[in-house]
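Please read the structure below before turning to the comments.
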There are 2 protein chains.
Amino acid sequence: MGQDKDFEYLGKIQDYFAEHKTLPTFSHVAQLLGFKSKNAVTSFVARLKLQGYLDYAPDKRLKPGRRFFERIIAESTVQAGFATPAYGDSLDTMGIDDYLIEKPSQTVLITVRGESMKDAGIFNGDTVIVEKRAFANVGDIVVAILNNEFTLKTLGKEGDKFVLIPANKDFPVLRPQDGFEIFGVVVGQFRKYD
Amino acid sequence: MGQDKDFEYLGKIQDYFAEHKTLPTFSHVAQLLGFKSKNAVTSFVARLKLQGYLDYAPDKRLKPGRRFFERIIAESTVQAGFATPAYGDSLDTMGIDDYLIEKPSQTVLITVRGESMKDAGIFNGDTVIVEKRAFANVGDIVVAILNNEFTLKTLGKEGDKFVLIPANKDFPVLRPQDGFEIFGVVVGQFRKYD
DNA sequence: TGACGTTGTGTACATTCGTACAGTACATTT
DNA sequence: AAATGTACTGTACGAATGTACACAACGTCA
């Protein structure tokens, strides 16, 4: 199997995607790769599809396959006795958004103030990724609306009442009498060091 | 200007992209949004294109515009009362990738194993964003190569010697005699909750 | 009230899309 | 040397694409 060139071609396609965030039509692929026939693209795509690099969208358009964004995480690590990360785990640097956010339209980013979730690894200044929905499970970290304020706590239960538990022993467990509303559930967190 | 619905529509398009990594054809957009005419899509797209959310690829296909990946970021947060972020309100937006990664070509992602940086809010299973360079400042969290292994620690100095300080009192400060090599500096961190 | 701008419908149409099928060029195998 | 397999060319074609134009429904504003 001589797919030597196929990876070179794939690279060009990936570059195209990086620039446009979409894949070209068959004709444009042909142009991009220097083919003079669209048909060459058809078979090229078929080959890459088998390997999981490309796929078809519901409307028969070209779309990136599951392996399209693969890239090595720590590549130039030859010197170290360090297990080269398996391809399955790898994240393309372009895809952090994707990795963290599954439902973009229902997702909000909130900057955290205060130390009440410190022991959960959520610090003052961190950003949490919140999926907006009214219901959560016990144990989830939730953004709750309490006295017209947003609060970030772990959802717990005492008897038949829901409570809000901070992850910092200097803060008290909140036991609101009138109940409270759940704004959303924390699905991710990130932090930048300056 | 009544683009109230347009953002609702945009949300559905964003969700489609999140799932397929490509945008649908006009006909499929119509289907997706409940339009009965492709033409409604044409004008809808024109509106969003003006605002920078959508754009055209070289082959006249639909592609994400520069603002397509923006997320809402709510400002004053967890302890302070603030209005539910609505689309029309003043909001700052950003792409997570852009925010966390400044030099893509020199940046790698490393999955953290172990608890040695727990008190710095870097847990087992978190991913750190590492900018590869050989020099760092005291106080930086660095990825060091020590005995052919990667280690994640805070860079410190004792006298004229550099040391590696864990952020967990159960772990000892590392004082390598022969010095060590710095692989890179941690510039960010993120975590996903399942 | 009536003019106007906006949003979506319905039909028509040239262009382009992706595929089918036949054929060429060239290396590898037996 | 003949047979086989792979990569690509070239032409043809039905289906789908995106656009144009005319028109209906609706809210807003003067």
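Naming convention: chains lettered A, B, ... in sequence-line order (proteins, then strands); numbering from 1 in each chain.
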Handout entry: Phosphate OP1/OP2 of C:dC17: any A:S27 side-chain N/O under 4.0 Å
Key = yes
Completion exercise
Whichever of A:F44 and B:T25 has the more 5' nearest nucleotide on DNA chain D, that residue is A:F44
Practice task
Figure out the CG/P separation between B:L48 and C:dT7, and round it to whole Å.
Solution key: 11 Å
Problem - Phosphate OP1/OP2 of D:dC8 contacted by A:Y9 side-chain N/O (<4.0 Å) - result: yes
Handout entry: Gap between atoms CZ and C1', on B:F26 and D:dT17 respectively (whole Å)
Key = 9 Å
Practice task
For B:S43, report the nucleic acid contact type (base, sugar-phosphate, nothing); a contact means any heavy atom under 4.0 Å.
Solution key: nothing
Exercise for the section: Report yes or no: does A:D140 contribute a side-chain atom to a donor-acceptor pair with the main-chain N or O of A:V142 at less than 3.5 Å? Expected result: no
Practice task
Assess whether one donor atom and one acceptor atom, taken from the side chain of A:S37 and the base of D:dG10, lie less than 3.5 Å apart.
Solution key: yes
Problem - Side chain of B:K38 - closest among D:dA7, D:dG10, D:dT17 - result: D:dT17
Practice task
Taking B:R175 for its side chain and B:E158 for its backbone only, find out whether a donor-acceptor pair lies under 3.5 Å.
Solution key: no
Handout entry: B:N39 or B:R61, whichever maps to the more 5' nucleotide of DNA chain D
Key = B:R61
Handout entry: Distance, rounded to the nearest Å, where B:K63 contributes NZ and D:dT17 contributes C1'
Key = 19 Å
Handout entry: Cation-aromatic face contact A:K49/A:Y56, 6.0 Å, 45 degrees
Key = no
Problem - Interatomic distance where CZ belongs to B:F35 and C1' belongs to D:dG18 [whole Å] - result: 16 Å
Handout entry: Rounded distance in Å - CG (B:L33) to P (C:dT7)
Key = 14 Å
Fill in the blank from the handout: Side-chain atoms of A:R47 come closest, of D:dA7, C:dG10, C:dC17, to D:dA7
Exercise for the section: In whole angstrom, give the distance that lies between atom CG of B:D59 and atom P of D:dT17. Expected result: 14 Å
Problem - Donor/acceptor link under 3.5 angstrom from B:K60 side chain onto base of D:dG18 - result: no
Problem - Proximal nucleotide (of C:dT9, D:dT9, C:dG18) relative to the A:K36 side chain - result: D:dT9
Fill in the blank from the handout: To the nearest 0.5 Å, atom OH of B:Y53 lies from atom CZ of B:F68 at 11.0 Å
Handout entry: B:E19 bridged to A:K63 by N-O distance under 4.0 Å
Key = no
